[in-house]
Amino acid sequence: MSHYIFKGRLCGFICPECPEPLSNLKVRLYRLRGEQNAVVLAVANPKDTLAVLSDEQVQAKAKTLLAEVATDAAGSFTFELGEKQGYKGEAFEVDIYCGTVPHRKPGREPPKPRQFSVTTVQPLWRQREDIALAVWDYCIPNRFWCHFRSLFGAWTICGRLRTCVSPQTPIAGATVRAFDADWLQDDPLGSAVTDATGRFRIDYLADDFKKDVLGLNIELFGGPDVYFTAEIGSVNILDETQADGRRPGRENVSPCFCVELCSDEVQPPDVEHIPHWQQVEVFDIHPFPSSSTTGFSAEGYAGGAANSYVFGGGVALKGNCPLRNIAAPANALEYRFLIGEWTWPGGVDDPTALPTVAPAAMAPATQIATTHVGYVFYTNGLGFPDSAQVNIGPGDLLPGGWIRVDNKAVTVDMRDGTTSVVNVNSSIFLRTFDLFVLNSPAITSAHPAKLPGGLPILDAGRSLTTAEREPIRRYRLMFEVRDGDAPLQPTVATDTLDSIVLDNSPVAVALDLEELRTNACNPVSAGAVHILYTVDHPHLRFFSLGISNNNGIVHPPVVPSVPPMPSGNFAPPPPTSNYVFRGDAGGPHLPGNNGGFAVDVSTDPSCAYRVAVSWQTRHYLSSATSTDRLYCK
């Protein structure tokens with residue numbers, strides 16, 4: 001083996017509820033030095049091996065540097081190792097070099113670069129053809145990560161703002177400001193806008209609170225004494241004072257401070273005014289994952305293990321998005337869906353396994369089919385109450401895939417030979433439960449078909465190659481709602497379905513008889529027929545073969561034949577490998593016309609017969625189908 005790929009993702013905890021990706025830093029791999037015990041170091045807990053290195057320690061190990069790469073915005077990295085580095089799969093040390101730390105607020109002077117050692121890793125290599133692959137993800141514990149951030153003068157507040165009244169609904173789109181309660185003058189530490197979950201993050205520097213009005217450092221010990229205010233638009237919804245900054249838990253906060261805030265000024269809205277995504281077709285996306293027949297599994301299959309449904313064609317995404325923002329009634333809401341695709345380690349399609357590498361990014365889902373989102377009610381030209389459907393489609397998508405239903409112009413029939421235009425507003429609009437019909441063929445067609453012309457009948461009986469087999473296509477879907485009229489268009493709601501399986505690939509099926517290959521009208525005179533069959537699909541529920549005539553089924557008979565006729569059934573997981581049941585093949589054509597699966601027909605009476613292969617996929621609402629070949633005896 002000469003080519004090794006070592007990849008992963010790194011993050012650090014500000015607090016358990018507030019991780020951050022270690023973005024735009026350098027990951028350095030070092031060879032082990034002679035005095036180091038690879039086995040002991042590789043099994044050590046990283047919590048025990050994390051250490052900030054001095055400049056002298058970094059210089060001392062410089063000669064053993066194996067390779068270094070930079071992380072991306074998500075904290076992901078990829079190393080390609082091999083002959084060039086003289087690497088042969090052994091253990092190595094993992095260090096992180098930081099010119100700065102993520103989200104550090106710019107200061108008057110650039111910080112001093114620093115490096116810390118994480119652990120020793122012996123990758124668990126997984127071999128695929130001529131490549132060995134290993135994946136290693138790790139999140140730095142908050143105690144060490146916050147200390148390391150403080151060496152750069154980087155301080156952070158992670159918080160959440162909710163209503164004080166139960167059920168403590170998140171308050172989105174609020175501007176939260178943090179202050180240090182000082183003796184001479186309150187220092188503003190920063191501000192942030194809450195997201196759809198009410199969460200916010202404020203980054204500031206030690207210099208922001210360690211000086212007074214004369215520029216002298218009066219905060220010689222500890223951190224700031226923190227209090228908060230918050231507003232939505234021009235309305236104050238939280239107004240703490242210095243006294244709040246001096247109570248226990250707020251005095252001398254640490255470089256990473258996590259806080260829960262609530263406001264009595266905002267009341268939880270009723271369900272009708274809360275944007276939410278509830279279902280895919282009839283299957284709930286909450287709770288996730290679900291083992292019930294009403295939800296989704298962690299792998300993305302719906303309806304419980306026995307059903308394990310996948311989806312194709314138009315897929316209805318159901319929920320609710322009010323026309324207006326309840327927190328700012330003059331502002332219209334806009335919503336969209338985003339989509340990302342799971343892949344395989346190494347980035348190559350693998351029809352033998354589920355894709356396990358999470359989407360690297362999410363993109364707006366613009367593949368929308370006509371979606372009936374509601375009705376408008378009006379008075380027609382004859383003076384009678386009337387209604388008309390409100391449909392959205394590709395022409396309604398705004399830049400970024402956003403959809404605004406409020407004030408949408410709808411052409412209605414006046415029932416007198418004329419039409420008129422009605423604009424959607426809350427007084428005349430009745431919503432359906434549909435948000436978006438996903439045009440899944442437009443999504444899955446991004447991958448060219450493996451067998452675009454299907455499997456020729458001349459290939460009946462042979463197994464498909466790896467390159468010919470359609471793999472499992474697994475996706476992540478996200479729902480976002482924003483205030484479309486607010487200055488910063490803040491996000492007010494989100495929902496995520498981590499996994500859903502989409503499939504629009506046909507079943508690769510071919511059926512023939514050896515006895516009919518030279519002459520399709522040739523009567524069978526031998527004691528056996530040789531069935532050439534192939535059935536292959538990544539989401540097969542069952543397949544079966546049978547022989548019948550006008551009197552009914554002949555093979556398999558009431559008394560099971562020996563051997564039985566070929567068949568196969570999806571077995572509900574666990575294990576997860578059961579998800580990749582995909583059919584079978586009976587064996588290819590042979591020069592002696594004796595390939596495939598032999599069935600003894602010597603005792604069958606003279607008659608016309610039908611050989612059929614039946615199958616059904618696990619697509620939601622699919623039904624069984626079949627194909628056949630006829631012969632006479």
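For clarity, every value in this text was computed on a predicted model and none was experimentally measured. What you see below is based on every heavy atom in this structure, not just the backbone, and it leaves out hydrogens, waters and symmetry mates.
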Visitor: Distance check, rounded to the nearest 0.5 Å: I157 atom CD1 versus L261 atom CG?
Guide: 9.5 Å
Visitor: Kindly indicate whether the side chain of E20, heavy atoms from C-beta on, has any atom under 4.5 Å from the side chain of R201.
Guide: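 Of all side-chain heavy-atom pairs linking R201 with E20, at least one is under 4.5 Å.
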Visitor: Look at the side chain of D180 and the backbone N and O of P224, then say whether any donor-acceptor pair between them is shorter than 3.5 Å.
Guide: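 No, D180 side chain to P224 backbone: no donor-acceptor pair under 3.5 Å.
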Visitor: For the CG atom of L25 and the OH atom of Y97, what is their distance to the nearest 0.5 Å?
Guide: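 So the CG of L25 and the OH of Y97 are separated by 10.5 Å.
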Visitor: Using the salt bridge (Lys or Arg N to Asp or Glu O under 4.0 Å) rule, take D503 and R582 through it: C-alpha gap first, then chi angles, then the decisive distance, then the call.
Guide: CA-CA 14 Å; D503 180 83; R582 52 187 310 136; over 6 Å; no
Visitor: Treating R149 as the side-chain partner and P102 as the backbone partner, does any N or O pair qualify as donor plus acceptor under 3.5 Å?
Guide: yes
Visitor: Can we say E260 and R162 salt-bridge, meaning some charged N sits less than 4.0 Å from an Asp/Glu carboxylate O?
Guide: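 Result for this pair is yes, salt bridge flagged.
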Visitor: Between the side chains of S308 and R618, is a donor N or O closer than 3.5 angstrom to an acceptor N or O?
Guide: no
Visitor: Give the intermediate values and the outcome of side-chain contact (heavy atoms from CB on, under 4.5 Å) for residues L10 and V118.
Guide: CA-CA 11 Å; L10 298 169; V118 182; over 6 Å; no
Visitor: Check whether the side chains of D349 and H447 place a donor and an acceptor atom closer than 3.5 Å, and report yes or no.
Guide: no
Visitor: Taking atom CD of E480 and atom CZ of R336, what is their separation to the nearest 0.5 Å?
Guide: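 Rounded to the nearest 0.5 Å, the CD-CZ separation comes out at 4.5 Å.
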Visitor: How about C18 and C258 - are their SG atoms less than 2.5 Å from one another?
Guide: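 Disulfide absent: SG-SG distance not under 2.5 Å.
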Visitor: Quick check on ring-ring contact (aromatic ring centres under 6.0 Å, His included): which of Y579, Y309, Y620 does Y301 satisfy it with?
Guide: Y579
Visitor: I'd like to know if the side chain of W277 reaches the main chain of Q279, judged simply by a donor and an acceptor atom lying under 3.5 Å from each other, with no hydrogens or angles considered.
Guide: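 Side chain of W277 to backbone of Q279: a pair is present.
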Visitor: Classify the ring geometry between F479 and F337 as parallel (under 30°), tilted (30 to 60°) or perpendicular (over 60°).
Guide: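 Tilted.
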Visitor: Within the distance-only criterion (no hydrogens, no angle test), does the side chain of E470 pair as donor or acceptor with the backbone N or O of K450 below 3.5 angstrom?
Guide: yes
Visitor: Can the ring centres of F6 and F77 be said to be less than 6.0 Å apart?
Guide: yes
Visitor: Cys pair C11/C139: SG distance under 2.5 Å?
Guide: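 The answer is yes, since C139 and C11 bring their SG atoms under 2.5 Å apart.
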Visitor: Among V58, L66, V94, I96, which residue satisfies the side chain to side chain contact (heavy atoms under 4.5 Å, CB included) criterion with R28?
Guide: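 With R28 as partner, side chain to side chain contact (heavy atoms under 4.5 Å, CB included) holds for just one option, V58.
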Visitor: Does any donor atom in the side chain of N504 or S445 lie under 3.5 Å from an acceptor atom in the other side chain?
Guide: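 No pair is found: no donor N or O on one side chain lies under 3.5 Å from an acceptor on the other.
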Visitor: Can you measure from CG (L124) to CZ (R126) and round to the nearest 0.5 angstrom?
Guide: 12.0 Å
Visitor: Between F228 and F200, how do the two ring planes meet: parallel, tilted or perpendicular, split at 30° and 60°?
Guide: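 Rings of F228 and F200: perpendicular, as their planes differ by over 60°.
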Visitor: Look at R482 together with E334 and state whether they make a salt bridge at an N to O cut-off of under 4.0 Å.
Guide: yes
Visitor: Between K112 and D55, does any side-chain N to carboxylate O distance fall below 4.0 Å?
Guide: yes
Visitor: Does T617 use its side chain to pair, donor to acceptor, with the backbone of H539 at less than 3.5 Å?
Guide: no
Visitor: For a quick test of reading the model, state the closest non-hydrogen atom pair linking T366 to G401 and the distance between them.
Guide: CG2-CA, 4.4 Å
Visitor: Given 3.5 Å as the limit, does a donor-acceptor pair link the side chain of S440 with the main chain of G313, or not?
Guide: yes
Visitor: Determine if the SG-SG distance between C146 and C256 falls under 2.5 Å.
Guide: yes
Visitor: Hey, is the main chain of A486 close enough, under 3.5 Å, to the side chain of Q489 for a donor-acceptor pair?
Guide: no
Visitor: For W136 and Y138, take the angle between the two ring planes, folded into 0 to 90°, and tell me which bin it lands in: parallel under 30, tilted 30 to 60, perpendicular over 60.
Guide: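 Parallel: the ring planes of W136 and Y138 meet at under 30°.
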Visitor: Side chain of D483, backbone of P490: donor and acceptor closer than 3.5 Å?
Guide: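 No.
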Visitor: One thing to verify: whether D207 and K105 come together as a salt bridge, which I'm taking to mean a side-chain N less than 4.0 angstrom from a carboxylate O.
Guide: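 Salt bridge between K105 and D207, a charged N being under 4.0 Å from a carboxylate O: no.
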Visitor: Under a 3.5 Å distance rule, please check whether Y30 uses its side chain to pair with a backbone N or O of A62 as donor and acceptor.
Guide: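 Checking the backbone N and O of A62 against the side chain of Y30, no donor-acceptor pair under 3.5 Å is found.
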Visitor: Please walk me through it: do R160 and T197 pass side-chain contact (heavy atoms from CB on, under 4.5 Å)?
Guide: CA-CA 8 Å; R160 180 169 57 171; T197 65; 5.7 Å; no
Visitor: Roughly how far apart are I14 CD1 and I140 CD1, rounded to 0.5 Å?
Guide: 11.5 Å
Visitor: Out of D495, D434, D284, which residue meets the salt bridge (charged side-chain N to carboxylate O under 4.0 Å, His left out) rule with K318?
Guide: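 Only match with K318 under salt bridge (charged side-chain N to carboxylate O under 4.0 Å, His left out): D434.
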Visitor: Verify the neighbour count for atom NZ of K61: are there more than 12 heavy atoms of other residues, nucleotides or ligands below 6.0 Å?
Guide: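 Yes, NZ of K61 has more than 12 neighbouring heavy atoms, counting only those of other groups under 6.0 Å.
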Visitor: If we ignore hydrogens and angles and just use 3.5 Å, is the side chain of H537 paired with the main-chain N or O of S505 as donor and acceptor?
Guide: yes
